[in-house]
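Positions are given from 1, in the same order as the sequence printed here.
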Amino acid sequence: MHATAASPSSDFLGHPKGVYVCFFTEMWERFSFYGMKALLLLYLTKYHLFGDKAGLDLLGAYGGLVYCVPVFGGLLADRWLGMRKAVVFGGILLVLGHLGMAFEGHAAHRVGGEVVRDDAALGATYLSLALIIMGVGFLKPNISTIVGKLYPENDPRRDSGFSLFYAGINLGALFASLVCGFLGEAYGWKYGFGAAGIGMLVGLAMFLWGQKYLQGHAEPPQPAALRERVAGLPREWLIYAIAIAGVLPVAALMWAAANGAFALGGEISLALMLMIVVLGGVLLWFAWFTGTRCTPVQRQQMIALIALIFMALVFFTLYEQTYGSWVTFTDRLLTKDLVPSLVVRDGTPLPWSIASLLLAPLGFVVAARLSERDPASNAPRVLFAAIVAAMLVMLVRDCLVLPQTAGSLTYLGALFLVLLAPLFAALWAWLDRRGLDPSKPVKSSFGLLFGALSFVPLALAAQHVGATGQMASVWWLVLAYLVLEIGEMCLSPVGLSAVTQLAAPRVVSLMMGTWFLATAFSETLAALFGKLAAIDVPEGEVMDIAQAAARYEHLFWLLMWIGLGCAVLALLASPLLKRMMHGVR
């Protein structure tokens, strides 16, 4: 089912109000997710004294499963739950998981050369990660699908709407790094993780408040089917019970990844094996569905969609280095502060962006109410503009005044995405009016190109460190993030939009889950590549800077060439893929 045209009073700043509800819900969900992710590898290696390889294994397994489980969440929402119930249930699990991460226990220490860790705290970490994995599985594919349903078919605002929604994702990621990433290292890990949990609670409240703006698209397809009793329980409660029961096996997978248990060849973890099984099942289903349940046009559109999803897999294998090798490279071999003379050195300042996180959604709530009372009034736009200006001031202050860390500097990616999103939304609209808008496959190939080129500044920075023995400037990292995020704006929002357009209507959420399954593999592949530059310094020794720089340089050049090769292949295939899309823009 596609959305029908909405009345003008249901729009705000040219888009349906429901898009902003999804924007802020996803902003808080991504705040909690990326806030935790910005800290996770550093928390494991610095606090629990994991080696690089063990930390990357856990990061890869966690990141992979976070994006693998949405396949099931999308399927359950399509078939029974509906998107509203799936999002609310996922949000509750996320709140519990993020708050559980705040239990840090005792720091690891060495006794006679052996590392002694707090097993209870690590157990809580594995269980919390499992809750987050399950929660994202129910929330993420469905919140993205709601956005697509809010626009009529072939609405020219769709791509720009997804760019706007993508800005919400990255506004959350931006504040996550500045708030959680900073609090975790400056005040204590539990404060960073705890802030992430509170953020998810606010996001859940925002979604519940904004139900009336979703135009009924998030409701269960057959409410009576949810009340049917299966195995003695209503179907709805049985789904919830199975999901909660599944948390313990997932926590066990986290433990296995962290400890290298049951790994095939020492590299293929149980989590990756599970993802391979899920991928095999999805591919078998895809072959059956396109062969027996699709018209010839739908079949070609679905195949074109799978090609775009594969491009996303390659791109995010490059992108996820930002939370792996880029973080450890920054921590060890780069300066941290953009303008050192402005940084506050006395005491421990608080991020002003905490206030921004509350101002943005509250401003929308007030602006939405004002626009309902008087649709012709300019007051909502003025209010929103004033809040954006205040947020910008606070953001600039935090970027320049706070002493940055490797974790907090992950804000750079989200910062560039938030700045680039309106520019790209305007660019696509401007090109569309002139009949010059590139096809989705061409945009995706550009994304791969820029993703590959983003590794050039870091490779040059590693060369500089190896040649001089001195830390390289953080501005190399800034340039790398700028190039990378140009690529992401070409590929990711366009790909999300394509899922809602090219997927057969009854399997849209499932195909959105497949999009995230590709991201799951990219997380795991990124961790495997990152291990090529893993550095474990024996106790009592000092890291060899020249050797470390050489390992990072090798990794960065390798990933650049892989990305360039895939970009060329994608560009060559784009005319065929465009024909297979049959007019979908």
Side-chain angles (χ1 to χ4, degrees), residues 52-53 56 59-60 63-64 267-268 272 307-330 332-334 412-413 416 438 441-467 472-473 475-492 494-495 518-535 546-577:
D52 275 13
K53 289 185 177 179
L56 285 165
L59 182 68
E267 297 293 340
I268 308 300
L272 179 55
L308 292 175
I309 288 174
F310 180 76
M311 293 183 203
L313 187 158
V314 176
F315 177 84
F316 283 107
T317 298
L318 304 177
Y319 178 87
E320 288 303 328
Q321 295 300 320
T322 57
Y323 288 94
S325 62
W326 286 28
V327 167
T328 56
F329 178 68
T330 303
R332 293 162 176 161
L333 300 179
L334 292 184
L412 287 167
F416 282 122
V442 170
K443 290 177 182 176
S444 295
S445 63
F446 287 165
L448 286 171
L449 172 64
F450 282 106
L453 294 177
S454 69
F455 287 88
V456 175
L458 295 179
L460 295 175
Q463 272 185 4
H464 170 82
V465 174
S473 169
W475 285 96
W476 288 110
L477 183 69
V478 174
L479 178 58
Y481 267 114
L482 172 60
V483 178
L484 179 67
E485 303 311 349
I486 290 173
E488 187 170 0
M489 283 309 304
C490 289
L491 180 140
S492 195
V494 169
T519 309
F521 271 90
S522 70
E523 292 263 2
T524 309
L525 288 172
L528 290 174
F529 277 113
K531 287 162 72 173
L532 295 176
I535 298 164
Q547 185 183 49
R551 296 186 76 143
Y552 282 113
E553 182 188 349
H554 168 71
L555 174 65
F556 295 152
W557 286 127
L558 173 66
L559 292 172
M560 183 207 71
W561 286 114
I562 290 172
L564 282 180
C566 292
V568 170
L569 291 175
L571 192 59
L572 292 174
S574 59
L576 173 62
L577 294 175

How many angstroms lie between [atom1] in [X] and [atom2] in [Y], if you round to the nearest 0.5 Å?
| X | Y | atom1 | atom2 | answer |
| --- | --- | --- | --- | --- |
| M311 | L577 | CE | CG | 5.0 Å |
| L528 | T524 | CG | OG1 | 7.0 Å |
| E320 | E523 | CD | CD | 3.5 Å |
| R551 | F329 | CZ | CZ | 14.0 Å |

Query - L482 vs V478, side-chain contact (heavy atoms from CB on, under 4.5 Å): CA-CA, chis, key distance, verdict - result: CA-CA 6 Å; L482 172 60; V478 174; 5.7 Å; no
Query raised in the report: When the aromatic ring centroids of W561 and F455 are compared, is their separation below 6.0 Å?
Result: no
Query raised in the report: Are F315 and L484 close enough, and set up right, to give a side-chain contact (heavy atoms from CB on, under 4.5 Å), and what steps lead you there?
Result: CA-CA 10 Å; F315 177 84; L484 179 67; 4.1 Å; yes
Requested in this report: Could you go through the salt bridge (charged side-chain N to carboxylate O under 4.0 Å, His left out) check for D52 and R332 one step at a time?
Outcome: CA-CA 12 Å; D52 275 13; R332 293 162 176 161; 2.7 Å; yes
Requested in this report: For the pair Y319 and F316, name the ring-plane relationship: parallel under 30°, tilted 30 to 60°, perpendicular over 60°.
Outcome: perpendicular
Query raised in the report: Does the pair E553 and F556 meet the rule for a side-chain contact (heavy atoms from CB on, under 4.5 Å), with working shown?
Result: CA-CA 5 Å; E553 182 188 349; F556 295 152; 5.7 Å; no
Requested in this report: Would you please say whether a donor-acceptor pair under 3.5 Å links the side chains of T328 and Y552?
Outcome: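 T328 vs Y552: donor-acceptor pair found between side chains.
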Query raised in the report: When V314 is tested against each of S522, S444, C566 for side chain to side chain contact (heavy atoms under 4.5 Å, CB included), which residue passes?
Result: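 Option passing the side chain to side chain contact (heavy atoms under 4.5 Å, CB included) with V314: C566.
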Requested in this report: Could you walk me through whether V494 and L308 pass the side-chain contact (heavy atoms from CB on, under 4.5 Å) test, one step at a time?
Outcome: CA-CA 10 Å; V494 169; L308 292 175; over 6 Å; no
Report task. Quick one: closest heavy-atom pair of A526 and T317, and the distance? Result -> CB-O, 3.5 Å
